[in-house]
Amino acid sequence: MTETAKTSFRSEEQFLKVTRSRRNVAWSGIGALVVVVVLFLFPYYVGPGTTGIMVQGLIVLTLASMWNLLAGYAGLVSVGQQAFFGLGAYFVLIPAMHGVTPWAGLFIAAIGAGVVALPLWWLVARLRLGYFAIATWVLAEVVMLVIEQISSVGGGTGMPLPGLSGMDPAVLTAYTYWAALIVAVLAIGGVYLLLRSKVGLTLTAIRDDERAARSSGVRVGLARMGVFIAAAAGCGAAGGVLAIEQLQVVPGTSGGVFSVQWTAEMAFAVIIGGIGTIEGPILGTIVYMVLQQTLQSYNAWYLIVLGIVAIAVALFARRGLWGTVDERFNIRLFPVGYHLWAPGESRRRRRPAVPAAS
Amino acid sequence: MAWVNAIIQGLLTGGLYALFACGLSLMFGVMKVVNLAHGDLAVVAGYIGVGIIAVTHVPVLWSIPIVVVLMAVLGYVLQRSLLEAAISRGELTTLIVTFGLSIIIENGLQQFFTANSRGLGVGDSFVTASFSIGSQITIAYLPLGIFILAIIVLLGLQLFMTRSKYGRLIRAVADDREAAQLSGADYRHVFGIAAAIAFGTVAIAGIADGMTTTLSPTIGTDTILLFAFASVVIGGLGSLWGTLLGGVVLGVAQAIGAQINPSYETLAGYAVFLLVLVIRPQGLVSQGAQS
Amino acid sequence: MSGNRQETGAPLLDVRDLVVHHGQLRALSGISLTVYPGEVYALIGANGAGKSTLLRTIAGLHHPTSGSVSYAGQDVTGMRPEKRAAAGIVMVPEGRRLFPSLTLEENLKVGGSYARKGPWNIDRVYELFPWMTERRGQKTAQMSGGEQQSVAIGRALVANPRVLLLDELSLGLAPVIVQRIYAMLPQVLESGITVLLVEQDVSQALRVATHLQCLLEGHTTLEGTPAEVTREQVEDAYFGAGSVTQAELSPHTPPDPDGQRSNALWPGLTPSSRAC
C-alpha cells in the first residue's frame with residue numbers, strides 16, 4: 001500500500017517527490033485490518049450485553065463520521081441529521097412489513113435516505129451557516145410529522161419490526177453486531193476514499209478558501225450536495241441498524257428515532273474527538289461510550305456532561321482530542337493529504353516540509 | 001363560522017410567535033449569532049416564573065418584570081462570557097456552543113423537573129374567559145392579551161432602537177463594528193446590552209407561553225425555537241414588524257391546518273414556511289439593509 | 001526650521017520604532033514619528049506603503065509587533081481603540097465607513113456618544129457644513145462621496161478629539177470636492193485640534209501640511225517640512241528611486257555636518273545639509 005511518487009517534476013535538476021504520506025501507509029493499513037478482524041470476532045468470545053453496547057457504539061460511530069464529513073469537510077453544520085437516521089429506520093421497517101428481510105433493508109435504507117436528501121438539499125442549499133442549521137432542524141421536524149401521519153407504519157406510536165422473530169437470540173445479536181460493524185467500516189472507508197478522491201480535494205479547497213475555490217472553477221455547490229447526500233445515506237444505514245437492534249421503530253422527539261439527541265451525540269462526539277479528521281470521530285465515539293456507560297444510571301446526565309465537554313473543547317481545544325495529538329506528533333492513521341518531499345528529506349524526518357493538505 | 005374563529009385565533013397566536021421571534025432576530029441581526037438555545041431559554045424563564053410564583057405567591061403578571069430583569073442580567077453575562085468567546089472563534093464554534101447549551105438546558109430541565117409539564121397557572125377563569133362579537137365570533141382574553149403584549153414589546157423595541165443612545169449604538173455596531181469603536185463604543189459591551197434585551201424578550205415569551213400552554217423541557221425547541229425561526233423567515237429578517245407578520249401568517253396557517261385535521265396543525269405552518277423559503281426566501285417584508 | 005518643533009511644547013503623539021505585521025507580511029518596519037500640538041502632519045506614499053496601517057495602529061485597530069505609541073505623555077500601545085477615541089485620538093477611517101442604517105444626524109450622534117468636553121457639537125458641525133441641516137434626517141447611503149466624507153469628519157469632530165486622524169480623505173473624490181473638504185481644515189485647527197493625515201494626493205498634502213513623512217514599503221524615506229523638500233526629493237522618496245537603500249537610514253539620524261551622506265533622500269532633516 002505504499003504510494004510512491006504519483007507526481008514528480010523537475011525543479012532545478014532536483015526531483016521533488018509527492019506522496020500521500022510521510023510514513024509508510026502499509027503499516028496503518030494492516031493495523032486497520034487487524035482491528036477490524038478483531039472486532040469481527042467479538043461475538044465469539046464476548047457476551048451479548050457487551051455486544052449490544054458495541055452495536056450502539058458502532059451506530060454512533062457511523063453517525064459521527066457522517067457529521068464530521070458534513071461539518072468538518074463541507075462546512076455544513078446540520079442539526080437535522082436525525083431526519084435521515086429516522087428515515088433509514090423506516091426504510092428498513094416498511095420493506096420488512098412487505099416481506100423483505102431487514103438485512104437487505106439496510107441497503108434500501110441507505111439508498112432511500114440518499115434519495116430523500118436530494119429535494120431536502122434543494123430547500124436549504126442557499127442558506128447561510130446558522131440558518132442552514134436551524135432549517136435542517138425544521139426539516140427533521142417536518143419529516144417526523146409527516147411520518148407520524150401515516151398510520152400504516154404506526155403513526156405516532158411506532159411499530160415493531162417484523163421478519164426477525166424466528167431467529168435464535170444469540171445469532172440475532174451476532175448478526176446485528178456484524179451488520180453494525182459492516183456499516184461502520186463501510187462508512188469510515190467510504191469517507192476515507194471520498195476524501196482521497198477528487199471530491200476530497202475539492203472539499204479541502206472549499207474549506208480553506210471558498211471564494212478562491214469558486215473562482216478557480218471548483219463546483220462548490222455540487223461538491224456540497226454530494227456530501228449532503230452521502231452523509232444522509234450513511235445516517236440512513238445507521239438508522240436501519242438501530243431498527244434491527246431495537247426490533248421496533250418509534251418516532252418522536254424524546255428517545256425516538258427522530259430525536260435531536262442523536263444529532264447531539266454525533267456532533268459532540270465529533271467535536272470532542274476532533275473535527276475535520278477521520279480519526280476524530282472514532283476517538284470521540286469512544287469518549288461518548290465511556291461517558292454513557294459510567295453515567296448510565298443517571299439518565300440524561302451523560303448528555304449534559306457531553307455537552308459541557310463539547311463546549312469546552314470547542315472553545316479551548318478547537319481541534320479536539322485527535323487534532324491536538326495530530327498537531328503534537330503528526331500522526332495520521334488515514335492519510336488523505338499530500339506530502340511534498342524536500343530534496344534530500346528522508347522518511348525519518350519529524351516534521352513534514354509542507355503541512356498536509358487536510 | 002368555526003373558520004373565522006380559527007383564523008382569528010391564529011392571528012392572535014401570531015403575537016405569541018412574534019414574541020418568540022424578536023429575541024432570535026435581534027441576536028442574529030446584531031451579533032450574527034443564531035442562538036440555538038433560544039427556545040430553551042424561554043422555557044427556563046417560564047420555569048423561573050413558576051418558581052417565583054410558587055415561592056412568593058405574587059400574581060402572574062407581577063412575575064414578568066422580575067423574570068425579565070433576571071433573564072436580562074443572565075443574557076449580558078452569558079454574552080460577555082460564553083458567547084463572546086465563541087463568536088471570536090468563528091461561526092461553527094458559536095453554533096456548537098449554542099447547540100450545546102440547548103442540549104444541556106433541555107436535559108438539565110428534564111433531570112430536575114422530569115418530563116412532566118408545568119403550567120403557569122393563570123387561574124382557569126382567565127385562561128378560558130372570552131368575549132363575543134356578535135353571535136358567532138368568540139375571542140379569548142388570553143391570546144388577545146398576549147397579542148397586545150407583543151405589540152407593546154415590539155413598539156418598545158422600535159422606540160428603543162430609534163430614539164435611545166444605546167439603540168443607536170446597537171444599530172451602529174451591527175452596521176460596522178470597527179467604525180463604532182472609532183467613535184468610542186466598546187462593541188463587547190454593546191453586544192452585551194443587545195443580548196440582555198434579547199433575553200428580556202425571551203423571558204416575556206417564555207412566560208406568555210407558560211400562560212398559554214403548559215411548559216415542558218422539550219417544547220423549547222419543538223415549538224419555540226422552530227416557530228420563532230419560521231416566523232422570522234416568513235416575515236423577513238431585518239424588520240421587527242415583519243416578524244409580527246411572519247408570526248401571524250404562521251399562526252393562521254396552523255389554525256387553518258387544525259381546522260382541516262387537528263394533527264395537521266404544525267405541519268400546515270411548516271408547509272407555508274417551506275413555501276416562503278422556496279418562493280421568496282428573503283421573506284414577505286423584504287428589506288435591503290438589516291435593521 | 002524643523003528644530004523649532006521642540007519649542008512648541010511636549011509632543012502630543014509620539015510613535016517609536018513601530019513594527020506592524022499583517023499576518024506574516026511586515027507592513028511597517030520601525031516607523032517613528034512625533035506630532036506636536038497644532039501641527040498638520042501628513043503621511044504620504046504610494047499604495048501599500050503602510051500609511052493607513054500606521055494610522056490604524058495609532059488609532060488602536062492594529063496591534064504592533066513591537067514599538068510604542070504615546071499620547072499626551074501616556075503610553076497607549078496596549079489601549080483598546082474605543083478608549084483611545086474617548087481619550088481624544090479620533091480617526092476618520094478610510095472609505096468613510098458611515099453607518100448605513102443610520103441617518104446623517106444619527107451618525108453624528110453616535111460620534112458624540114463618548115465625546116470629551118470641548119467646543120465641538122452637532123450644531124457647530126452644522127455650521128461648518130451648512131448643507132447638512134436640511135438633510136439631517138436622510139440616510140447617508142444616498143449621499144455623494146464628498147457629502148459622506150463631510151459626515152464622517154463631522155462624526156469625528158463631535159467627539160472633540162485632540163488628535164484628528166484623517167485616512168485618505170481624497171479617496172474616490174473629484175479634486176474640486178477634495179479642495180472644498182480640506183477648506184474646513186483651518187476651522188478645525190482653530191479649535192485646538194491637531195491633525196495627522198494620510199494622503200495619496202501629494203500636492204494636496206503639501207498644500208496643507210506643516211510637517212510630512214513619506215513611507216515606502218513600510219520604511220520612512222523622507223521626513224521634513226514642505227518648505228524644505230523639493231519635488232524631486234518627494235518623487236524619489238515616493239517611488240523609491242535612489243542610489244542608497246533606505247533600509248539603512250533612520251529618520252532620527254543626527255545631522256551630518258560633513259555632508260558625507262549627501263543622498264537625495266534626506267535633505268530635509270537639517271538646514272546645514274542644504275545649500276541655502
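Just so we're clear, the structure is a prediction, and the values are computed from it rather than from any experiment. To find a chain, count down the sequence lines: A is the first, B the second, and so on, and within it residues start at 1.
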Legend entry - pair A:Ile304-B:Ile103: side-chain heavy atoms closer than 4.5 Å: no
Inset, instruction - Considering only heavy atoms and a distance below 4.5 Å, find which of B:Leu267, B:Leu92, B:Val233 pairs most often with chain A. - result: B:Leu267
Legend entry - Heavy-atom proximity to chain B below 4.5 Å, by part of A:Val77: side chain
Legend entry - Gap separating the CZ atom of A:Arg128 from the CZ atom of B:Phe28, nearest 0.5 angstrom: 4.5 Å
Legend entry - A:Ile275 and B:Ile96, any side-chain heavy atoms less than 4.5 Å apart: no
Legend entry - Option in A:Ala133, A:Ala135, A:Ala310, A:Gly156 with maximal non-hydrogen atom pairs under 4.5 Å from chain B: A:Ala135
Inset, instruction - Answer with side chain, backbone, both or neither: which region of A:Ile271 has an atom nearer than 4.5 Å to a non-hydrogen atom of chain B? - result: side chain
Legend entry - Nearest non-hydrogen partners of B:Arg89 and A:Ala314, listed with the distance: CD-O, 4.1 Å
Legend entry - Top contributor to chain B interface from A:Gly130, A:Ala71, A:Gly307 [non-hydrogen pairs under 4.5 Å]: A:Gly130
Inset, instruction - Test B:Val278 against A:Trp122 for side chain to side chain contact (heavy atoms under 4.5 Å, CB included), laying out the working first. - result: CA-CA 9 Å; B:Val278 169; A:Trp122 179 71; 3.7 Å; yes
Inset, instruction - State the CG-CD1 distance between B:Leu101 and A:Ile308, to the nearest 0.5 angstrom. - result: 9.5 Å
Inset, instruction - Could you tell me the separation between the CZ atom of A:Phe132 and the CD atom of B:Glu91, rounded to the nearest 0.5 Å? - result: 13.0 Å
Legend entry - Closest heavy-atom pair and its distance - B:Leu277, A:Arg126: O-NH2, 3.5 Å
Inset, instruction - Calculate, to the nearest 0.5 Å, the distance between atoms CH2 and CG belonging to A:Trp137 and B:Leu225 respectively. - result: 5.5 Å
Inset, instruction - Please state whether the rings of B:Phe229 and A:Tyr131 are parallel, tilted or perpendicular, taking 30° and 60° as the class boundaries. - result: perpendicular
Legend entry - Spacing of A:Ile311 atom CD1 and B:Ile104 atom CD1 [to the nearest 0.5 Å]: 4.0 Å
Legend entry - Side chain / backbone / both / neither for B:Val33 at chain A, heavy atoms under 4.5 Å: neither
Inset, instruction - Applying side chain to side chain donor-acceptor pair (under 3.5 Å), name anything that partners B:Gln259, two or more places apart in sequence or on another chain. - result: none
Legend entry - Distance (rounded to the nearest 0.5 Å) between A:Leu129 CG and B:Lys32 NZ: 13.5 Å
Legend entry - B:Asn107 and A:Trp301, any side-chain heavy atoms less than 4.5 Å apart: no
Legend entry - Side chain / backbone / both / neither for A:Val138 at chain B, heavy atoms under 4.5 Å: both
Inset, instruction - Pick one of side chain, backbone, both or neither for A:Val305, based on which atoms fall under 4.5 Å of a heavy atom in chain B. - result: neither
Legend entry - Minimum heavy-atom distance between B:Phe99 and A:Ala267, given as atom pair plus value: CE2-CB, 4.3 Å
Inset, instruction - With a 4.5 angstrom heavy-atom cut-off, could you sort out which part of B:Leu95 is near chain A: side chain, backbone, both or neither? - result: side chain
Inset, instruction - Go through the atoms of B:Ser102 and report whether side chain, backbone, both or neither lie under 4.5 Å from a heavy atom of chain A. - result: side chain
